Amino acid sequence: MAVIAGAIVVGLIVLIILFKLIWRVAEPNEALIISGLGARSKSETGLDSLGFKIVTGKGTAVLPGFQTSRRLRLDSRAGNLEVQCVTQQGIPVHVRGVVIYKVGDDLVSIANAARRFLEQQASMDGAIHELFTGHLRSIIGNLTVEDLILNRERMTSETRMSAADEMSKLGLIVDSLQIQEIEDETGYITNLGRPHAARVASAARIAEAERNQEATRREQETERENAAVIRDTEMKKAEYNGQVKQAEQQARQEVILRETRNAELEAERTEKRLESEIRKPADARAYEQVKLAGAQRDERIAYADAAKKEAERQADATRVMGEAEADAIRQRGLAEAEAIKARAEALAENTDAVIAQQLAEKWPEIVEAGAEVFGNVDNMIVLNGAQGVEDMLAKALTLGGTGLGVARQLLTGLNATGGDPAANGHAPAKPIVPKPAAPDEN
Amino acid sequence: MIGKQGRVTGKIGPGLVGEVMIAIRGGVEAFYAHPVDPRDEIAVGTLVIVVEHQPPRTVYVAPAFG
């Protein structure tokens, strides 16, 4: 049993080993080139045989001893190129570039490449380098420096035109040809860039200056705007302040107006009060006084009228009385004249009687004169008082009757002395003296 | 191969070797391209149809949309 199992295991192992020996698998990046017994495949056109078998992407059995298999790498390869060449304008340049190429994926390309490079895959890069340096010369000779730098379409197009057929012959395809570096001994490229650089620099300076100018202008504008705003603000402020002041002034004015009005009202009120309290009463008083004065005047006029009338009446009365008195006086005069005439007659007839009568008539005056004598006495001591005076006067008077002689003596004495009557008697004593003569004259 | 469509990546015209990208074998490969009508000029980006295939990598194409 164990022997059988062991034999089976060994057999399996032998089988696996055998399988591994005869079965080859192609990786995605390689092609198996199988040649040998029975290894024939139709080419793509199907007209003739390749003479070997190309397997890609799958496995196949290779009979050991009868067949052989080789691997052809299909990876892309890069070849550095360095070439001294001349451009279309005749400018010598030193160019370094890289070409990226690979074996074509189609069977034709693989067959071509297998036939050429299968045993020399390591030397492929050298061959390609030689090939492409030559091609690069022709490519660059058809281009200008500007194209070389800028025009990639032109570059690839020239590459295709110059290298297409030869690469097809080799079964290779060019993925990319890149110019890495261009060394320019004449300074053409530098000079080429110089106008542009100068232009760019000038443009940059211009732009900078313009931007500076713009910035300055903006700054100035902003400052101006700021100033304008500030000015507007100040103006508005001033305006508002003015308005506020105006409003205050108006308010003050209003207050003043109110006060004035109040004062006026007060004054008016005072005036009215004064009018009512003072003027009206004053008027009333004045009116009263006027009325009173008028009344008084009227009264006085009435009085005056009355007085005038009275005076007239009195004048009339006086006149009448005067007339009456005049009449009376005249009558009395007449009567006196007659009396005097009569007395003169009587005197002529009886002087003593006349004198006596005269004396009797003048007795009061005489007494008075006598009394005046007493009146001149400063201190008259009358022992019997008032009665004593009466007695004395009575005695003096009683003496009269008998004292005619004395009287006559006195009269004559008076006449003889011609003394001043004022010294010791009344004036009426004087006419007595000439009277005796007067009737004569009458 | 013939009848496949492709996109022009290098200008095709008389005296030029153009390039078209054609989907083939599960990938996209570049082929040298020439116009079917020698006077045609086909700009980059144009869709073309393969009229003739010249192995290994040359095709003759015509614009796909007239």
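None of the values given here were measured: they were computed from a predicted structure.
For chain B, the option among A/G171, A/S168, A/A164 with the highest count of heavy-atom pairs below 4.5 Å is A/A164.
Separation of atoms CD1 (A/I173) and CZ (B/F31) is listed at 8.5 Å; rounding is to 0.5 Å. Residue B/H53 holds its NE2 atom at 6.5 Å from CG of A/D106, rounded to the nearest 0.5 Å.
Nearest heavy atoms, B/E29 versus A/D105: OE2-CB, 3.1 Å. Residues A/R160 and B/K11 share a closest heavy-atom pair of NH2-N, 4.2 Å. The shortest heavy-atom contact between A/M161 and B/V17 is CG-CG2, 3.6 Å.
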Validation: residues 92-100 of chain A side-chain donor-acceptor distances under 3.5 Å, sequence neighbours left out:
{"from": "A/H94", "atom 1": "ND1", "to": "A/Q84", "atom 2": "OE1", "distance (Å)": "2.7"}
{"from": "A/H94", "atom 1": "NE2", "to": "A/E82", "atom 2": "OE2", "distance (Å)": "3.1"}
{"from": "A/R96", "atom 1": "NH2", "to": "A/E181", "atom 2": "OE1", "distance (Å)": "2.4"}

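Applying the 6.0 Å contact sphere to CZ of A/R154 captures more than 12 heavy atoms from other residues, nucleotides or ligands.
Near-neighbour residues of residues 20-31 of chain A relative to chain B, defined by a heavy atom under 4.5 Å from a heavy atom of that chain, are none.
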In sequence, state the C-alpha distance, the side-chain angles, and the governing distance for B/R57 and A/S109, and then conclude on side-chain contact (heavy atoms from CB on, under 4.5 Å).
-> CA-CA 8 Å; B/R57 310 202 63 81; A/S109 295; 4.0 Å; yes
